[in-house]
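Take a look at the structure below.
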Amino acid sequence: MSSTKIFLKSSDDKTFEIDETAARASETLKNIIDGGCLDGVIPLPNVSSNILPKVIEYCKKHGGDNGSSKKIANGGVDKDKEILPDYDEEEDKREKVRVDELKKWEEEYMDFDQQVLYDLMLAANYLHIKGLLDLTVEKAASMIRGRTPDQIRENFNINSDFTPEEEEEMILIEDEWDDEWAFD
Amino acid sequence: MMNLAHEIIFEILSRLPIESVLRCRSVCKLWYNLGYDSYFIHLHQSKSMKQPPRLVFDRFKENSDIASNLVMVNREEGDYKFREIPLMGFNSDELQVGRRFEIVGSCNGFLCLTFGINFSPSCLYNPITREVMMLPQTDVALRGIPLLNYGFGFDSFHNKYKVVGVFKTFGEILTVGESRWRKLEFPRTVIENDDPRSRSLFLDGIIFWFIEGYEYEILALDIESEKFWTINCPPPKENNYRGNLIEIDGSLAIIDYEYVRPSESKFRSMDVWLVKGSKTIGFSFSVTTYDMSGLHYATARGEVLVMAKLDRDTFLLACELDEGIHINRCSIFLYSPVKQYLSVLGIWESDLQTHWMVPTLKSLMAAIDT
């Protein structure tokens, strides 16, 4: 497939280039492209130049990759035809290698500080990149799991806005649903 | 974090297990109010459906003002965690000291409970929100006719919950939200719910009971159409006796037990029959035999009951302690027949009615209204 280039402009007026196939990983961009409203450059007023290259990196990795459709296209197998067992096995192996490689890539990709995490979540949400949203949101969730509310507030820089009376009630809630899972 | 769109905070928190969500309510006001946000509740429930369901069973507390507690089992990364959830939200009449309750069924995070002497299905309960919805009494139960068995199910087509009370040759059915029970003719007599082996099981819109007399037949009730049919099962192998119905990975399963008799009642093996298929295409049965002789003295000498299968080869089991005076004191433990791994969780009184559930913040009232 020939790849048309798309230009994205960040909130601070910097322009970045991306292949159309990669850009299609974003629902928002896909709609703009398919809508034919493409006028040279797509402005992204909610994404800064710090974060946009990171988003493009993700799209390049995942653009045009829609799981099963790719599998059928590559294997050249009619889905109505019976799939031979040995073919399946080979494909399984390739699939496993692909998944392992992707996991490794994700690990390296996700190595950044908390501010980048916030910005990436916002960008993924704004651009409707489901995979990237899942990845970043899951990371944020893992920073909450098993933590006390105090730790969570500190981690995420949240101020408690409860009155002292409400605070007391909150302690009861914390005690009731704390992480101690045991019988007496 | 505070600058994040609510949408994203919803996304993050909806991925947490229910306990974390509840604990997180004390982080700040915005998070606190999530527990009441219908969009968040829905999002969390749809994500929870993809997690392994929790197991709940009841526990009777001795010498306590609270009649009973629930125990919820959670699997996290191969670890089993057990949380006691006190029964709350009831008024004191319903929870008199010494008054037992039983879990009759579980559906979409809601439990159907019974209290009292005639054990008429009494209420629906959400153990997470502590919301109680009392059910009308059945006329028959009010006349003192004892109930044989129960059922609780959900008609997903009409979005209605239904509760079934079974008497000797007939039953009554209640569409939750309506004020009166309707009569329901049972084509066969189901076994009496006098021990945990005889309880009903609700699965994919169908309630199952063993038919009385010989447990080679199962009576099935489609909760939407309220029509019955029967399933013929293979008989238990020689020396085995037919036990109970449980749900294993979304399928109906029958557990058969083999004991060394009569010198001692030692558990030797069990057969797990997985029932696959449907009314239209017919049913097939595949059996797996587990060697249980390794259980030996861990559990006293009483009879063992399989409460649930927790993962590939770990079972949650209960053993009634044959102490003469206490009738329902049980030892509850995890056992893997393959690894011969045993972990005793505790000894207490329980009716051993175990049910799978996906805990939810959803309000019962809202669920019944729709």
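Values reported hereafter were calculated over all heavy atoms of this structure, with side chains retained and with hydrogens, waters and symmetry mates removed. Proteins get letters first, then strands, A, B, ... in listed order; numbering begins at 1 in each.
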Can you find a heavy atom in the side chain of [X] that is under 4.5 Å from one in the side chain of [Y]?
X: B:Ser20; Y: A:Arg147; result: no
X: B:Ile12; Y: A:Met121; result: yes
X: A:Pro149; Y: B:Ser26; result: yes

Which atom of [X] lies closest to which atom of [Y], heavy atoms considered:
X: A:Asp161; Y: B:Lys29; result: OD1-N, 2.8 Å
X: B:Arg25; Y: A:Phe162; result: O-CZ, 3.6 Å
X: A:Ile152; Y: B:Cys24; result: CD1-SG, 3.7 Å

Exercise. Mind running side-chain contact (heavy atoms from CB on, under 4.5 Å) on A:Phe156 and B:Val27 for me, showing each step along the way?
Key: CA-CA 10 Å; A:Phe156 290 92; B:Val27 166; over 6 Å; no
Within a reach of under 6.0 Å around [atom1] of [X], are more than 12 heavy atoms found that belong to other residues, nucleotides or ligands?
X: A:Phe112; atom1: CZ; result: yes
X: B:Lys309; atom1: NZ; result: yes
X: B:Lys47; atom1: NZ; result: yes
X: A:Met110; atom1: CE; result: yes
X: B:Asp249; atom1: CG; result: no
X: A:Lys139; atom1: NZ; result: yes
X: A:Glu154; atom1: CD; result: no
X: A:Glu101; atom1: CD; result: yes

Separation of [Y] [atom2] from [X] [atom1] (nearest 0.5 Å):
X: B:Glu11; Y: A:Glu138; atom1: CD; atom2: CD; result: 11.0 Å
X: A:Ile144; Y: B:Leu16; atom1: CD1; atom2: CG; result: 5.5 Å
X: A:Asn125; Y: B:Glu7; atom1: CG; atom2: CD; result: 4.5 Å
X: A:Glu169; Y: B:Tyr32; atom1: CD; atom2: OH; result: 6.0 Å

Quiz item: Does any heavy atom of chain B fall under 4.5 Å from the side chain of A:Asp134, the backbone, both, or neither of them?
Solution: both
Quiz prompt | Which portion of A:Glu166 sits near chain B, non-hydrogen atoms under 4.5 angstrom | solution = side chain
Exercise. Decide yes or no on side-chain contact (heavy atoms from CB on, under 4.5 Å) for A:Tyr118 and B:Ile8, but give the supporting numbers first.
Key: CA-CA 9 Å; A:Tyr118 293 170; B:Ile8 292 178; over 6 Å; no
